[in-house]
Structure formats: C-alpha cells, structure tokens
Amino acid sequence: MEIQSVKGTRDFYPEDMAKRNFIADLWKEVSLRNGFAEFDGPIFEYLAMYQQKSGEEISSQLFAFEDRGGRMLAIRPEITPTLARMVNQRINTLPRPIKWFSVPRLCRAERPQKGRLREFFQWNIDIIGVDDCLADAEVIFCAVDYLMQAGLTSDDVVVRISSRRLIAALLEYFGIEKEGLEKVYSALDKKSKVPAEVFEKMLAEAIGDANKRQKVLELMSVGSLTQLESFAGEDKNAKDAIEELKRLFNYLNIMGITEFCRFDISIVRGLAYYTGVVFEIYDKSEQLRAICGGGRYDNLLADFGGPKISATGMGMGDCVLGIVLEERGLFKNISEKNKIEYFVTYADEALKSEALKMVASLRRVGKRTDFSYKGGALGKQLKQASAVNAAMCIIVGDEFTQKKQIVIKNMGSGEQSSVDVSDFLGRL
RNA sequence: GUGGGUGUAGCUCAGCUGGCAGAGCACUAGAUUGUGGUUCUAGGGGUCGCGGGUUCAAACCCCGUCACUCACCCCA
C-alpha cells in the first residue's frame with residue numbers, strides 16, 4: 001500500500017514553499033518593524049498545561065502521546081500557554097512592556113475543512129504589561145500593517161471590534177443572570193452567521209424574560225459607539241467600557257487605519273480567556289472564517305501561576321490568509337526571489353573545468369549559480385537554464401580559449417556581450 | 001459526533017445504453033554538436049481507491065469498505 005500524507009497535513013513542494021515563505025517572511029518583517037522580538041518554544045509540552053486551562057472538550061482535539069518515561073505530552077495546539085510559561089519564568093527580569101512575536105507550527109486534531117487544517121502556522125503577537133488600550137490599538141495596527149503590506153486594502157478586509165467587558169457590563173445592567181451569560185454569548189457569536197429568526201430563537205432560549213430579551217435585541221442592532229450610550233444609562237462599568245472603546249477608536253484614527261475598522265457588537269470571540277477589547281478580521285467576501293482574531297486577556301499570566309499582569313495579543317493562521325491572498329492574486333514575484341542568477345554553460349567538453357571554476361567563483365561571492373551536469377550541446381544547456389528560470393547565462397567557449405573572454409547573455413531580453421574574465425570577476 | 005460530494009496517468013478531468021483505458025498540461029528524448037523560451041515529432045507513465053457480488057463481459061450496475069473533500073458542531 002502506498003503511503004500517503006496524513007489527513008489535514010500539507011506537502012510543501014518548492015512552489016508551495018515559496019508561498020509559505022512569502023507569508024511567513026512578511027510576518028517576521030512586519031513584527032520587527034512594529035517593535036516585536038521573536039521567540040519560540042518546544043513543539044510539544046506537557047499535556048496538563050493545555051488541560052488545566054480548558055478541560056475535556058479541548059484535550060480531545062489535541063494530538064497527545066506518552067513518551068518512554070511515561071510522561072503525557074501533547075503537540076502544541078497554540079503557543080499562548082508556552083508564552084505564559086516562558087514569561088512567568090522570567091517575569092522579574094524582563095523589561096516591560098514585553099512585545100514578543102512567534103510563528104509557531106501548530107497541530108489540532110479537528111476535522112479539516114476549508115481554511116482549517118490539522119497542521120498549520122500561526123503568527124502570534126503579544127504585548128504584556130500595558131493596561132492602556134493603546135496596546136490593543138497597536139496589536140490591531142500591526143495586523144492591518146501586515147495585510148496592507150501583503151497588498152490588501154480596506155475594500156478587501158475589515159476589522160470588527162468589540163469589548164467583552166462592555167457586553168458583560170451591559171448584560172449585567174440589564175439584569176441577566178450570570179449563569180445565563182455563556183448562552184447569551186454563544187447566541188451573540190452566531191448573530192452574523194445565522195438568519196435573524198434563528199438568532200432570535202437562540203436568544204429566546206438563553207433569556208427567558210421577554211423585556212430583557214428585547215433590550216438585548218435592540219442592543220445587537222447598534223451600529224456605532226455613540227448609539228451605545230443610551231443603553232448604558234448611569235451604569236459605571238458600562239460607561240467605562242464605552243469610554244475605553246472610544247479611546248481605542250481614537251488611537252486607530254490617529255494611526256490612520258480607521259477605514260479598516262468597524263465597531264461590531266456581535267464579536268465575542270469564543271469564550272476562552274478574553275477580558276476586554278476583542279476583534280476579528282474578515283475577508284469582505286464573507287465566505288471565509290476569520291483571517292485573524294485577538295483581544296485582551298488580563299488573566300493569562302495568573303492562570304498559569306504567575307502574577308496578575310495584563311496582556312493583549314492576536315493570532316493569524318496561514319490557511320485562511322493563504323486562500324485570501326491566492327484569490328486576490330497577491331502572491332507576487334515569488335518565483336523571482338530565489339531564482340538562479342547565473343547559469344554557466346560550456347560550448348566544449350574541454351572547457352568544462354573552466355566553467356566549473358567560474359561556478360565556484362560566483363558561488364563564493366554569493367551569486368546563486370548553477371550549471372549542467374550533462375553538458376552536451378550548448379542549446380541543451382541553455383534550454384536547461386530556461387527550465388530553472390535563470391536570469392543570466394555565462395557561455396564559456398572559443399572566446400575563452402582565444403581571448404580569455406566569456407559571453408554573458410541576459411535570458412530575459414536575449415541580449416549578450418563578451419567581457420574579459422578578469423574584468424567580470426573583478427566587478428563582482 | 002452529524003449530513004452531503006468526490007475517488008480514472010504526476011496534475012486537471014472526459015469516458016454514451018456494460019463491449020480493447022482516453023485528452024490537455026507536465027515529464028523524457030529527437031528535430032538542434034555555438035544560442036534557450038515558441039513550434040513539430042516520438043516516448044514513458046494505469047491494481048479505474050480497495051474488497052466482494054451480478055454478467056459471456058464491469059471504470060460503468062449492486063453491496064460493503066477506505067480515503068479525501070465540503071458543510072454542521074466546535075474553534076484556543
């Protein structure tokens with residue numbers, strides 16, 4: 001039986017690898033220019049680290065295994081716990097704010113579908129130790145900075161922003177019981193994904209009282225921050241949360257990315273550990289799941305046994321992003337980047353050694369250089385040069401024997417000229 | 001966990017009412033021993049996912065099974 005690749009994994013042939021690198025190289029470049037430092041951790045950790053935070057549901061989606069020493073381990077499904085562990089270990093010596101990024105390879109044993117695989121890469125950036133929502137603004141800016149750099153515009157993507165703190169305060173203000181909150185959250189999360197009737201039905205199951213339900217329905221139709229204030233009344237928690245969002249949007253405006261950003265009260269982001277501002281970035285076609293998601297999680301370090309220090313961050317996977325970039329035709333110039341600069345050919349077998357010397361010289365000064373093993377007719381060698389998409393060809397032939405010259409041929413334009421070998425090597 | 005779709009050459013897919021296994025692209029070689037991409041010619045490459053059944057005869061019909069894929073659930 002032929003061995004095939006495992007479900008939900010990908011093989012990266014050179015042309016696929018070029019796309020993957022296009023995505024990941026840009027992640028790194030944008031992280032660095034936004035002031036983030038790279039870190040990484042092990043690809044597997046103790047299983048318990050992922051279980052303590054999440055429970056059965058999530059551990060069933062882990063690739064877990066036992067090592068020879070009987071330790072229960074798991075391949076990392078996310079890097080945030082590792083980040084928390086690493087930061088906690090050095091919390092007293094790290095200068096703040098801590099701005100770190102990583103591009104980990106992650107595995108989750110979920111059922112694969114469009115934009116979701118079992119093995120993928122995810123860009124993570126986190127800012128630890130800043131309470132101000134300026135940090136949240138910077139995380140959003142960084143994500144948008146990347147998408148713009150990749151060639152996407154506000155016509156292509158939208159950042160939907162809300163606040164867990166705001167929702168929690170308003171629901172409490174409306175008098176909705178704490179026990180029912182989870183159900184309300186998951187109904188809100190569905191709002192933009194299901195028909196209005198279905199949404200209202202879900203809400204009815206979550207909230208018994210018709211008056212309260214009506215208030216929530218009205219709340220969900222709010223499209224701007226200013227409309228919100230009438231709902232908050234004199235409730236201090238709600239007013240504070242609105243104030244924070246206003247400041248966030250002000251920062252986003254100052255940073256010049258307002259056109260990408262929209263307040264959207266239906267964004268609640270799973271139910272995990274978010275405590276404040278939350279956001280998701282979507283492709284405007286609305287056909288795909290989120291490109292990116294993030295928000296504030298102020299209990300993160302404490303949850304992993306550290307001090308209570310605030311944190312905010314986001315994650316962007318390569319699957320949905322790759323689909324978007326492909327659809328928009330934004331994988332540009334990727335075949336140019338690593339292509340052969342010089343392909344050295346020889347017109348006569350007797351000149352093979354001279355050609356090889358030339359190859360070695362070019363490689364030693366850092367030029368991407370190749371040649372034909374088989375040699376043979378010059379035409380064959382040039383054909384091979386075309387096949388590997390070489391930019392220039394060097395022909396070692398009679399000119400070399402007679403005048404110590406080589407022919408340099410531009411494979412794009414077809415133009416060629418003879419130069420002295422010593423001049424050519426001297427210019428490199 | 002639930003439901004749909006698809007499995008035929010390396011890739012994308014045709015294949016009629018059951019009758020010799022096909023095309024395009026890609027690959028290799030030649031036309032072409034000092035000039036590539038285009039073109040032309042030739043060639044290699046198949047357990048028709050797998051197992052069983054019906055039939056003189058199955059890629060095709062029936063039963064089972066596996067894989068992949070899309071959607072739901074979930075989504076750190």
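The chains referred to below are lettered A, B, ... by the order of the sequence lines, with proteins before strands, and numbering in each begins at 1.
- Base pairing annotation: B/G34 forms no Watson-Crick or G-U wobble pair, as no partner gives both donor-acceptor distances under 3.5 Å.
- At a cut-off of 3.5 Å, with distance as the only test, no side-chain donor of A/Glu415 or A/Asn410 sits close to an acceptor on the other residue.
- A/Val407 approaches A/Glu399 most closely through the heavy-atom pair CG2-OE2, 3.4 Å.
- Contacts of A/Gln381 with the nucleic acid, taken as non-hydrogen atoms under 4.0 Å apart, are absent.
- The side-chain tip of A/Lys99 points at the ring of A/Phe36 from less than 6.0 angstrom away and within 45° of straight on.
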With 3.5 Å as the limit, what N/O pairs link the protein to nucleotides 28-30 of chain B?
from	atom 1	to	atom 2	distance (Å)
B/A29	OP1	A/Lys374	NZ	2.7
B/G30	OP2	A/Lys380	NZ	2.7

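- The residues A/Glu110 and A/Arg118 are annotated as not salt-bridged, no charged nitrogen and carboxylate oxygen being separated by less than 4.0 angstrom.
- Pair assignment for B/G45 gives none, since no Watson-Crick or G-U wobble pairing has each distance under 3.5 Å.
- A donor-acceptor contact under 3.5 angstrom links the side-chain atoms of A/Glu399 to the base of B/G34.
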Check the interface with nucleotides 64-67 of chain B: list each N/O to N/O pair with the protein under 3.5 Å, or write none.
from	atom 1	to	atom 2	distance (Å)
B/A67	O3'	A/Gln4	NE2	3.4
B/A67	O2'	A/Gln4	NE2	3.3

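- Judged by the 6.0 Å and 45° rule, A/Arg85 forms no cation-pi pair with A/Phe304.
- In this entry B/A26 has no Watson-Crick or G-U wobble partner, no candidate having both defining distances under 3.5 Å.
- Of all the heavy atoms in A/Tyr274 and A/Gly295, the pair that sits closest is CE2-N, 3.4 Å.
- When both pairing distances are held under 3.5 Å, B/G64 makes a Watson-Crick or G-U pair with B/C50.
- Comparing the C1' positions of B/G22 and B/G64 gives an interatomic distance of 30 Å, to the nearest angstrom.
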**Worked check of side-chain contact (heavy atoms from CB on, under 4.5 Å) between A/Val277 and A/Leu166** = CA-CA 9 Å; A/Val277 168; A/Leu166 172 77; over 6 Å; no
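- Using a 4.0 Å heavy-atom criterion, one finds that A/Leu106 contacts no nucleic acid atom at all.
- Side chain A/Ser386 to base B/G37: no donor-acceptor pair is found below 3.5 Å.
- A side-chain donor-acceptor contact under 3.5 Å links A/Asp209 to the backbone of A/Lys212.
- By the 6.0 Å and 45° rule, A/Lys404 stacks over the aromatic ring of A/Phe400.
- Counting atom types as modelled, A/Arg111 pairs no side-chain N or O with a base atom of B/C73 as donor and acceptor under 3.5 Å.
- On a pure distance criterion of 3.5 Å, no polar donor-acceptor pair joins the side chain of A/Gln113 and the base of B/U69.
- Between the side chain of A/Arg116 and the base of B/C74, a donor-acceptor pair under 3.5 Å is found.
- With a 3.5 Å ceiling on both atom-pair distances, the Watson-Crick or G-U wobble partner of B/G19 is B/C56.
- Within 4.0 Å (heavy atoms only), A/Gly414 reaches at least one base atom of the nucleic acid.
- Using a distance-only test at 3.5 Å, with no hydrogens or angles considered, a donor-acceptor pair links the side chain of A/Lys284 to the main chain of A/Ser154.
- Under the Watson-Crick and G-U wobble criteria, each requiring two contacts below 3.5 Å, nucleotide B/U69 is paired to B/G4.
- Of the residues near RNA chain B, A/Arg108 and A/Gly397, the one whose nearest nucleotide (by heavy atom distance) lies more toward the 5' end is A/Gly397.
- In this entry B/A76 has no Watson-Crick or G-U wobble partner, no candidate having both defining distances under 3.5 Å.
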